[in-house]
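Contents: one structure, followed by commentary.
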Number of protein chains: 4
Amino acid sequence: MRPAPERRREILDTAAEVFAAQGYDATTVRRIADAAGLLAGSLYYHFDSKESMLDEILASFLRELWGRYDAVLAAGLDPRQTIEALVTESFREIDRHRAAVAIFQKESRHLQELPRFGYLADAQHRFEEAWLGTLERGVAAGVFRADLDVRLTYRFVRDTVWVAASWYRPGGQHSPEEIARQYLSMVLEGIAFITRT
Amino acid sequence: MRPAPERRREILDTAAEVFAAQGYDATTVRRIADAAGLLAGSLYYHFDSKESMLDEILASFLRELWGRYDAVLAAGLDPRQTIEALVTESFREIDRHRAAVAIFQKESRHLQELPRFGYLADAQHRFEEAWLGTLERGVAAGVFRADLDVRLTYRFVRDTVWVAASWYRPGGQHSPEEIARQYLSMVLEGIAFITRT
Amino acid sequence: MRPAPERRREILDTAAEVFAAQGYDATTVRRIADAAGLLAGSLYYHFDSKESMLDEILASFLRELWGRYDAVLAAGLDPRQTIEALVTESFREIDRHRAAVAIFQKESRHLQELPRFGYLADAQHRFEEAWLGTLERGVAAGVFRADLDVRLTYRFVRDTVWVAASWYRPGGQHSPEEIARQYLSMVLEGIAFITRT
Amino acid sequence: MRPAPERRREILDTAAEVFAAQGYDATTVRRIADAAGLLAGSLYYHFDSKESMLDEILASFLRELWGRYDAVLAAGLDPRQTIEALVTESFREIDRHRAAVAIFQKESRHLQELPRFGYLADAQHRFEEAWLGTLERGVAAGVFRADLDVRLTYRFVRDTVWVAASWYRPGGQHSPEEIARQYLSMVLEGIAFITRT
DNA sequence: AATGAATGAGGATTCATTCAT
DNA sequence: AATGAATGAATCCTCATTCAT
């Protein structure tokens, strides 16, 4: 009588994959249905609308992500450790929900206009708070460079991480932790070869 | 009395702006027409289709960009100077054609499937050649770190630059050259504060 | 200041050719304009509308045709001679205005619904009068077979003639008179070989 | 509960009727939908496009027709019997699928240009083979007149038969077989009254 | 006479969604 | 849970027509 939650998840994962590949607007419910092995109309037994599928994908991704982020932020780490932990958690999240991250990345900006997706704007603000705050504390503590525009730095770090969702494939040759390590090394120390004493 | 091409450009710039803001698929021709001050049907006096507007926007952006890139690559600079010049030209391009860059960034992946937009895939390959090649030469020459995955570095630098199109606003407080300088500084030397001797 | 009548004719002939080839509805004014060597909008200097081009083509064809038919019908010929003359005049008309005849043939039926083209229905009635009347007189006079349904015979003869417009090409190997002769021979004597005494 | 194909056929028959009455190009899908009792958009649940409706109408008509023709041609009849049988089958086909025949007659010529309707040209060639071949054998056998241009005769017979679709109404006073008999009598023996010994 | 740019109505088609079964 | 048929609104696009130049 009640919809099986596993089927929901299955369909939702399929939908996320298709949304990520084609873009939300370019995706028809029929394509999702085809990929999930049922007819378009049948999707409506499980979901209210195409939009609510998207909503569920994004909301559950953010819920999980903030779970991790909040744990990091509450751990009392120093700024550099915090940045390292946030980056690592981000790559783990990309590993777990690549499609959702890609959708978030691509569609966030224009979805924010819709009341239903107002929480995407909130998420952006919380991101900014978390990352920018950490960077500022780091600059104050002398562990991050003071000669750079912090906002620019913030965007740099943020984009650096999330854009990876557009090319990352789970099960590739690097684990998320390894990718995180390399990214962090680049971001923190730069790619130029320098003799350090 | 006035030469026609100006109107074309006008409309095309408008279209690019709307595509960048809403996404290509989510943009209706009516919206473009509204923004350009004519009726939807009238667009078809100037253009064959919505798709051919997109085509023209992307193709002319890439044409211009490659003009700049080729000049840089032909200038006989060393690897580090080449990277610096490429990044600077990229930010200048973002400054000139922010919308086109944003569209390229967002829609490239799924447009490549369409035969008409096959040249987008070609462009990716040429990018890779130019950037990756330069990085490899730099590693060989000892100016870039050898302990990083070069492909990862390539994606890092490339994405880091282009994603800027999604938040950059021309006429902001930093000139494209200033942004390029800060970006390069971050990418090359890292954001961590380090005592260098 | 006043439109040159020759240009009108030129355009009208072009239009007739295109209408005949593609069908009236499937023909765009742009195609006519292309074929006539001007821009679509410029047609409206010469004509009120696409429909009025069609009107002029059909009306002038019928005007000319009835001139010939009336002459035949007034000539006091016997039924067989009348049929022969009508057929011959018809093929001459096809020779002169193939396109107009083809259009008349193809579009007549559904154009009749439009008030403006009511005269097409009138023409059909006058045709019927002329041909059917002649056939009936011929049957009464014993020169045409009495064992056939006269209406069927009428349609047979009428169609036989006009359908030729769909394949006839002026300047082919047979003159219109020669084609008329052969058609008449078929219609009157049949295609079966029979020993007549 | 009811098998779907019936609805398809229903709609297709309606469409054929409208196409025949108004011409393919002049027919809007809305008119078909109105006549079939659903909304325009709903047609696309059953058919890909307006064009594919036309395609299906014409293709299935030709399929059936060639079934009958092939049976006749394989029956080993003499030329005169063959012509008689082909004509009779043609009128039966007109009786069964008047609309399809009328469409074929009216639209065939310009549809042939489209790749999708290339089979219409093929059909013309097979017609020519069948009819013209039979006539030539008849001339050689001395049962058809040798003093007429055979190609002209072919067109004469062919058109004479098919044009009937434009005025024929099923359920009229003559059965298709009766019409065939009269037509054959006219075509074979002519309409002129002649004393035969 | 003709052009170039535009209009506006209408056309085919798509697609999210509904609902009886 | 899912299907099959349909809805209706919206979308891209076409095209006859207009009109200032």
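Labels below follow one simple rule: chain letters A, B, ... track the order of the sequence lines, proteins then strands, and each chain is numbered from 1. Source: prediction; values computed, not measured.
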Exercise for review: With P as the reference atom in both, quote the distance from F:dT21 to E:dA1 in angstrom, rounded to an integer.
Suggested key: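 That atom pair is separated by 22 Å.
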Can a side chain N or O of [X] be found less than 4.0 Å away from OP1 or OP2 on [N]?
{"X": "A:Y44", "N": "E:dT18", "answer": "no"}
{"X": "B:R7", "N": "E:dA6", "answer": "yes"}
{"X": "C:S42", "N": "E:dA1", "answer": "no"}
{"X": "A:T28", "N": "E:dC15", "answer": "no"}
{"X": "B:H46", "N": "E:dG4", "answer": "no"}

Quick check for you: among [options], whose closest atom lies nearest to any side-chain atom of [X]?
{"X": "A:L38", "options": "F:dT11, F:dT3, F:dT17", "value": "F:dT3"}
{"X": "D:K50", "options": "F:dT3, E:dT13, F:dT17", "value": "E:dT13"}
{"X": "B:Y45", "options": "E:dT13, E:dA2, E:dA6", "value": "E:dA6"}
{"X": "A:L39", "options": "F:dT17, F:dT3, E:dT13", "value": "F:dT3"}

**Study point:** Upstream residue (5' side of DNA chain E) when D:A40 and A:R30 are each assigned their closest nucleotide
**Key:**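 Looking at DNA chain E, the more 5' nearest nucleotide goes with D:A40.
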Check your understanding: If each of D:V29 and B:G41 is mapped to the nucleotide of DNA chain E with the nearest heavy atom, which maps nearer the 5' terminus, i.e. the 5' end?
Key ->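 Mapping each residue to its closest nucleotide by heavy atoms, the 5'-most match is B:G41.
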Review point. Base, sugar-phosphate alone, or nothing: which one does B:T27 contact when heavy atoms must sit under 4.0 Å apart?
Key: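 Result for B:T27 = sugar-phosphate.
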Check your understanding: Is there a Watson-Crick or G-U wobble partner for F:dT3 with both distances under 3.5 Å, and if so, which one is it?
Key ->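 E:dA20 is the nucleotide pairing with F:dT3.
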Practice item. May I ask you to decide whether C:E10 forms a salt bridge with C:R7, counting only side-chain N to carboxylate O separations under 4.0 Å? Key: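 Salt bridge: yes.
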Point to revise | Within 6.0 angstrom of B:R30 CZ, more than 12 heavy atoms from elsewhere | key: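 Counting other residues, nucleotides and ligands, CZ of B:R30 stays at 12 neighbours or fewer.
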Check your understanding: For A:R96, does the CZ atom sit with more than 12 other heavy atoms under 6.0 Å from it, leaving out its own atoms?
Key ->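 Above 12, so yes.
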Review point. Pick one: which of A:F117, A:F19, A:F104 meets ring-ring contact (aromatic ring centres under 6.0 Å, His included) with A:Y24?
Key: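 Filter result, single survivor: A:F19.
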Review point. Once you round it to whole Å, what is the distance between C1' of F:dA2 and CZ of A:R8?
Key: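 After rounding, the reported distance stands at 16 Å.
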